[in-house]
Protein chains: 2
Amino acid sequence: MRELGEFALIERINAGRVQTRAVLLGPGDDAALVAAPDGRFVVTTDMLVQGRHFRLDWSSPHDIGRKAIAQNAADVVAMGAVPTAFVVALGCPADTPVEVIDRLTDGMWAEAARAGGSIAGGDLVHSPEMVLSVTAFGDLRGRAPITRAGARVGDTVAVAGRLGWSAAGLAVLTAGVDPAGENFADALAAHRVPQPPYAAVLDALSDSAGGHDAGQGGHVAQPEDGVLGSHHPPPQSRGAAVFGSGVIGSAGHRTRTAPNALTDVSDGLLADLGHIAEASRVAIDLHSAALRDAALEAIARELDADAAQWILTGGEDHAFVATWPQERFLPAGWVPIGRVLAGHGVTVDGAPRPGAGGWESFTGADSASDAATG
Amino acid sequence: MRELGEFALIERINAGRVQTRAVLLGPGDDAALVAAPDGRFVVTTDMLVQGRHFRLDWSSPHDIGRKAIAQNAADVVAMGAVPTAFVVALGCPADTPVEVIDRLTDGMWAEAARAGGSIAGGDLVHSPEMVLSVTAFGDLRGRAPITRAGARVGDTVAVAGRLGWSAAGLAVLTAGVDPAGENFADALAAHRVPQPPYAAVLDALSDSAGGHDAGQGGHVAQPEDGVLGSHHPPPQSRGAAVFGSGVIGSAGHRTRTAPNALTDVSDGLLADLGHIAEASRVAIDLHSAALRDAALEAIARELDADAAQWILTGGEDHAFVATWPQERFLPAGWVPIGRVLAGHGVTVDGAPRPGAGGWESFTGADSASDAATG
């Protein structure tokens with residue numbers, strides 16, 4: 001890396017990359033130019049530090065690149081926006097092999113493509129350890145942003161994506177067991193590369209009132225995009241009787257209502273729902289039966305760990321959790337897990353869960369997470 | 001910092017801050033929402049690493065915060081865009097005093113205000129040494145971006161802002177002389193906080209064809225007008241006729257022409273003009289007499305150094321350098337320093353300058369710069 005020099009390395013990183021249409025001017029000048037069709041853009045930034053948020057002996061450079069993009073893209077989607085572009089600042093030790101940079105950026109581009117965007121520019125500097133700082137952009141397509149503050153009493157709390165699997169993977173890596181154990185592969189993969197089910201949110205919104213895509217027909221989540229994973233049992237509380245009937249839109253096609261509140265699970269389910277409860281001035285009660293995951297419980301038994309703790313407080317899976325108007329069908333990929341109530345705080349089966357904090361970067365209360373997550 | 005925790009610290013950082021109108025939704029949710037009035041936004045990102053780009057014993061936290069914002073805002077302005085907002089990812093050791101974070105963010109907000117924007121959001125994580133990653137946004141106001149590729153043979157090369165002063169300040173700090181020497185104060189200040197002359201660019205542009213500011217009646221490019229704005233002539237059709245005469249706006253007031261090429265001096269004047277020469281497929285010749293700076297030469301004599309070397313290869317001052325159609329008066333704040341010629345490469349008084357490289361992050365060719373600049 002030192003021999004190649006900054007400019008040659010940047011040229012190498014960008015060689016052959018194809019920008020999406022949203023990137024009007026890509027790398028190579030003082031700044032990039034990105035489209036914001038409705039006159040606004042959603043923006044979020046996350047920094048990942050080697051040894052803190054990833055370890056090079058636990059994750060491949062490709063995995064780390066994907067993870068850095070995925071957690072930012074998840075934040076964009078958690079506002080109800082479609083990812084359009086990313087910029088990346090990368091700090092690396094001078095002796096970093098160029099191949100490591102190649103794979104890291106390949107991973108970034110792969111996940112950017114999965115999210116629907118491309119990497120419009122970046123910065124490359126020396127640093128003692130590897131640091132990735134990703135900024136992600138999204139297009140609301142004329143819709144209002146879906147914040148954490150919109151939850152209403154009576155809403156159904158539902159999740160799209162898996163919970164607790166990243167924490168399980170971290171537990172496998174820290175427990176000193178043989179990580180090649182066959183039940184562990186999914187958990188390790190989930191820890192190394194979160195797979196936010198972008199489509200579960202975006203397909204639901206593309207059909208909702210106010211969306212530009214409403215006229216293009218009913219796209220729904222694909223099977224691989226949104227369920228709680230192949231190992232997740234059918235939630236016991238799911239049923240048409242509970243969640244009412246569908247709505248026929250004025251144009252004659254089926255429309256859905258957008259969620260009232262939406263976030264991604266980055267700090268842990270209880271912590272992230274706590275943010276919604278606080279911002280919306282409501283209480284949230286979760287149904288533990290709806291959260292159970294037989295496959296995760298099998299892994300927990302092998303490690304003498306508590307699957308419920310992983311599910312409730314493990315961050316980094318970047319599932320989406322939302323509160324939906326209760327009279328609607330939930331869109332494809334969404335599983336009901338609780339209810340919005342009057343009051344404050346988050347409870348499980350009506351009771352506060354002691355010591356349930358979720359991840360918070362600086363307190364270091366959770367020493368397992370503290371080792372290599374964020 | 002460890003005691004306070006991430007969420008409390010973020011709340012503290014954001015307390016009492018007033019966002020500009022461009023920030024439609026500020027910190028506190030999964031992402032921010034920023035206005036992009038003409039349907040596009042300029043974006044750039046830069047990472048600053050402790051020990052590499054700044055030293056806490058040479059610069060105050062307030063200075064470092066200002067510098068991080070300034071160098072990004074300069075990149076936005078170097079595209080011809082008006083800074084609107086910033087997002088900041090900050091990595092800090094756990095034992096960083098909260099007061100250091102306060103002053104760092106105060107410095108960021110101060111420089112953001114000077115540039116015309118506010119800080120719309122960010123991230124805060126642990127890292128072994130301090131790392132700042134700033135992403136800056138700008139509004140072209142319907143104008144075409146001013147790239148490095150537009151220089152035309154015959155253009156006047158002109159600079160706005162100081163050159164070589166940051167390098168002089170670094171030389172003072174590394175030379176072991178008493179930095180309290182009275183001639184050194186300006187150089188030290190220039191090294192600690194670059195002062196890009198944003199207004200020299202933006203005031204010139206606000207009067208030029210295509211700008212929002214040219215008159216309330218002057219409608220600007222809509223997104224559908226095309227990728228780079230409707231005012232940007234296609235490269236092949238660009239010719240003397242476009243720039244041949246003074247332009248009287250339709251409202252009857254005098255307008256100026258925008259520069260054909262523009263960048264900020266971050267890597268060193270020769271290096272940055274080399275980027276323009278290469279991208280524009282032209283040669284650039286500088287007039288050494290126009291670059292002389294008596295005050296800088298006085299400092300150089302005290303340090304037994306070469307002021308011309310600082311001026312030609314010192315980066316980090318974030319002056320602006322542009323090539324202007326030669327028939328024009330230069331706008332206020334711009335000083336002519338050379339001419340665009342047919343050919344390639346950058347010369348001084350017609351001769352190549354040996355060993356003139358400017359700053360490049362990974363080659364480490366310039367050991368003085370390598371210590372604490374970028």
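Chain identifiers are assigned alphabetically (A, B, ...) following the order of the sequence lines, protein sequences preceding nucleic acid strands; residue numbering begins at 1 within each chain. Computed from a predicted structure; not experimentally measured.
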For A:Leu48, which atoms come within 4.5 Å of any heavy atom of chain B: side chain, backbone, both, or neither?
neither

Heavy-atom pairs under 4.5 Å with chain B are the metric here; pick the option from A:Pro128, A:Ala136, A:Ala22 that has the most.
A:Pro128

Against chain A, work out which of B:Leu24, B:Val76, B:Leu262, B:Thr44 has the most heavy-atom pairs shorter than 4.5 Å and name it.
B:Thr44

Pick from A:Val134, A:Val43, A:Asp272, A:Val88: which one has the most heavy-atom pairs with chain B under 4.5 Å?
A:Val43

For the side chain of B:Asp139 and the backbone of B:Arg141, is there at least one donor-acceptor N/O pair under 3.5 Å apart?
yes

Worked check of salt bridge (charged side-chain N to carboxylate O under 4.0 Å, His left out) between B:Arg52 and B:Glu129:
CA-CA 11 Å; B:Arg52 174 84 189 161; B:Glu129 68 287 307; over 6 Å; no

Under 3.5 Å, sequence neighbours excluded: what are the donor-acceptor pairs made by side chains of residues 273-281 of chain A?
residue, atom, partner, partner atom, Å
A:Ser280, OG, A:Arg148, O, 2.7
A:Ser280, OG, A:Ala149, O, 3.3
A:Ser280, OG, A:Gly150, N, 3.4
A:Ser280, OG, A:Ala151, N, 3.0
A:Ser280, OG, A:Ile276, O, 3.0

Report the relative orientation of the aromatic rings in B:Phe137 and B:Phe41; use parallel for angles under 30°, tilted for 30 to 60°, perpendicular for over 60°.
perpendicular

Flag the one option from B:Val49, B:Asp75, B:Val34, B:Val42 with the top tally of heavy-atom pairs under 4.5 Å to chain A.
B:Val34

Are any side-chain N or O atoms of B:Thr105 and backbone N or O atoms of B:Ile101, one a donor and one an acceptor, separated by less than 3.5 Å?
yes

Under 4.5 Å from a heavy atom of chain B, the part of A:Val77 involved
neither

Which portion of B:Asp264 sits near chain A, non-hydrogen atoms under 4.5 angstrom:
both

Applying side chain to side chain contact (heavy atoms under 4.5 Å, CB included), name anything that partners B:Leu25, two or more places apart in sequence or on another chain.
A:Met79, A:Pro145, A:Thr147, B:Leu33

So for B:Thr45, is it side chain, backbone, both, or neither that comes closer than 4.5 Å to the heavy atoms of chain A?
both

